[in-house]
Amino acid sequence: MQNFRTIKGTHDLLPNELIIWRAVENFIHNIMQQNGYGEIRTPAFENTELFVRGIGTDTDIVTKEMYSWTDQGGNTLTLKPELTAPVARAYLQHQMGNQNPIHRLYYIDALFRRERPQKGRQRQFHQFGAEAIGSPNPEQDAEIIALAYNIYKKFNIQDMSVRLNSIGNAEIRPLYLETLRSSIKKIEMELCTTCQTRIEKNALRLFDCKNPHCQELLDQYAPFIYDSISDDDRNHFEMLTRILKEMEIPYFHDKKLVRGLDYYSHTTFEITSSVLGAQDALCGGGRYNGLIEQLGGKSTPAVGFAAGVERLILAINKQNNLSIPPDIYFIHLGDEATVTASKIANDLRLNCGKIVVMETLRRSLKAQMREAGRCGANTTIILGEKELAESKIIVKDMSTGNQNEVPISELSKFISSNS
Ligand code: AMP
């Protein structure tokens, strides 16, 4: 009989891993909402044309990575390989621009790209990201960059680097590309074969090449797009860097950072961490003032970022710095106490929003105490038959070792004000 297995580049997530996934996702939902971003969910598949038009015909995603098919009704469909185009499509479809001049949206979702699987690179993966649609101003770019950076900061990701650049508005691109092509003409044959094919098709992407020899040649011969941007665009970039400095977000102006997707204009940025190894990109983003118009709407400025969930979790696991201890470990002894403890644990989860882990192995008091210490809970609560008879419960602060006997009826209040 055939043994069925996950498809190459896809993974099952098992309960142990999902503990960290849930914690990371909850955290992202909270921080996005604290920053005024509202969640959006779009379907798993869209019309192929949305991605072709949105991402660009000559990009790697569109030329070789999309999972596309024609359905029984003859529609050409694609599993979403990125989320900015679907969000822009939803923004237009629901006429969100007419309701409010600015929309701040975020997502956490699964994406599909037929890339070569390796550590940190899968065919089904997940991204979280944010899109701010409506403001053309650099403070909006700064808000987006700070949002991404602060998420990684909160997870204490080490050795981060924020690279930043401006590729200016779309109007300067044809002239710049012409200059770029003619400057590298003489060294064309020394570039790798991928770069050689990119020269005509998508010359900006030469700068994304990982081959050190190509990079050396580009350093020597290629002009940077940043040096061709307009005065207005330079002012935009300077104001953005001023705000980032004020926010104490360290960045490096990398004139070679152009990003692979066609829809970017002006600001581009990427956050990397050496903790990740070869696939070191945590997230990437930038401004895409032309996309909404390209999809049939009126010209609308927008900026956003997309970040890999697997990469964030990889970085967290490598550093071993995220243990998500429960707030409360609940020790109980005896059948009657177990019934009451189950109800109390449920109430604490619902009413106090606490992470409560309750003993269900009926271990000895000593073994339960050991487990409470091992799992790193801030508070341990103990309900035995004696406490139950007196309608009291023991609350132990695990950091100080202090114990209080609290009437069961006042436990929620006590927990809310003391932990
Ligand atoms: P992109 O949409 O290509 O700009 O990617 C944004 C982020 O998504 C990257 O910085 C990575 O963290 C993550 N990412 C992109 N492609 C993959 C993949 N195939 N597998 C896992 N994570 C990915």
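Scope of the values below: all heavy atoms of this structure, side chains included, with no hydrogens, waters or symmetry mates. Residues take their numbers from the sequence shown, with the count starting at 1. Read the numbers this way: they start at 1 and go in the same order the structure lists the ligands and their atoms.
Nearest to atom 22 (N) of ligand 1 among the protein's heavy atoms is F125 CD1, 3.5 Å. In this structure, atom 4 (O) of ligand 1 lies nearest to the protein heavy atom R259 NH2, 2.6 Å. Closest to atom 11 (C) of ligand 1, if we only count protein heavy atoms, is R311 NH1, 3.4 Å. Atom 21 (C) of ligand 1 has as its closest protein heavy atom G120 O, 3.2 Å.
Here A281 has heavy atoms under 4.0 Å from ligand 1 in both its backbone and its side chain. No part of E310 comes within 4.0 Å of ligand 1, judged by heavy-atom distances. Counting heavy atoms closer than 4.0 Å to ligand 1, residue E82 contributes nothing at all. If you look at L282 next to ligand 1, the close heavy atoms, those under 4.0 Å, all belong to the backbone.
Taking 4.0 Å as the cut-off between side-chain N and carboxylate O, E65 and R114 do not count as a salt-bridged pair. Salt bridge E293/K298: absent, no basic N to carboxylate O contact under 4.0 Å. Using a cut-off of 4.0 Å between Lys/Arg side-chain N and Asp/Glu carboxylate O, D60 and R205 are scored as salt-bridged. A salt bridge links E46 to R89: at least one charged side-chain nitrogen sits closer than 4.0 Å to a carboxylate oxygen.
With ligand atoms numbered from 1 in the order given, ligand 1 contributes 10 (O) to contacts under 4.0 Å with heavy atoms of C283. Those atoms of ligand 1 with a heavy atom of E115 less than 4.0 angstrom away are 16 (N), 17 (C), 18 (C), 19 (N).
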Throw together a table of side-chain donor-acceptor distances under 3.5 angstrom for residues 190-197, partners on residues two or more places apart or in other chains.
residue : atom : partner : partner atom : Å
Q196    : NE2  : E188    : O            : 3.4
Q196    : NE2  : M189    : O            : 3.4
Q196    : NE2  : L191    : O            : 2.8
T197    : OG1  : T194    : O            : 2.7

Distance-only criterion, 3.5 Å: show the donor-acceptor pairs between side-chain atoms of residues 211-218 and protein atoms not counting sequence neighbours.
residue : atom : partner : partner atom : Å
N211    : OD1  : H213    : N            : 2.8
N211    : OD1  : C214    : N            : 3.4
Q215    : OE1  : K256    : NZ           : 2.7
Q215    : NE2  : F207    : O            : 3.2
Q215    : NE2  : C209    : O            : 2.6

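Within the structure, ligand 1 has Q122 among the residues with a heavy atom less than 4.0 angstrom away.
For the residue pair E359/Y329, the side-chain donor-acceptor check at 3.5 Å is satisfied. Checked by atom type, the side-chain pair E143/Q140 shows a donor-acceptor distance below 3.5 Å.
Of the candidates Q118, R113, Q127, Q127 brings a heavy atom nearest to atom 8 (O) of ligand 1.
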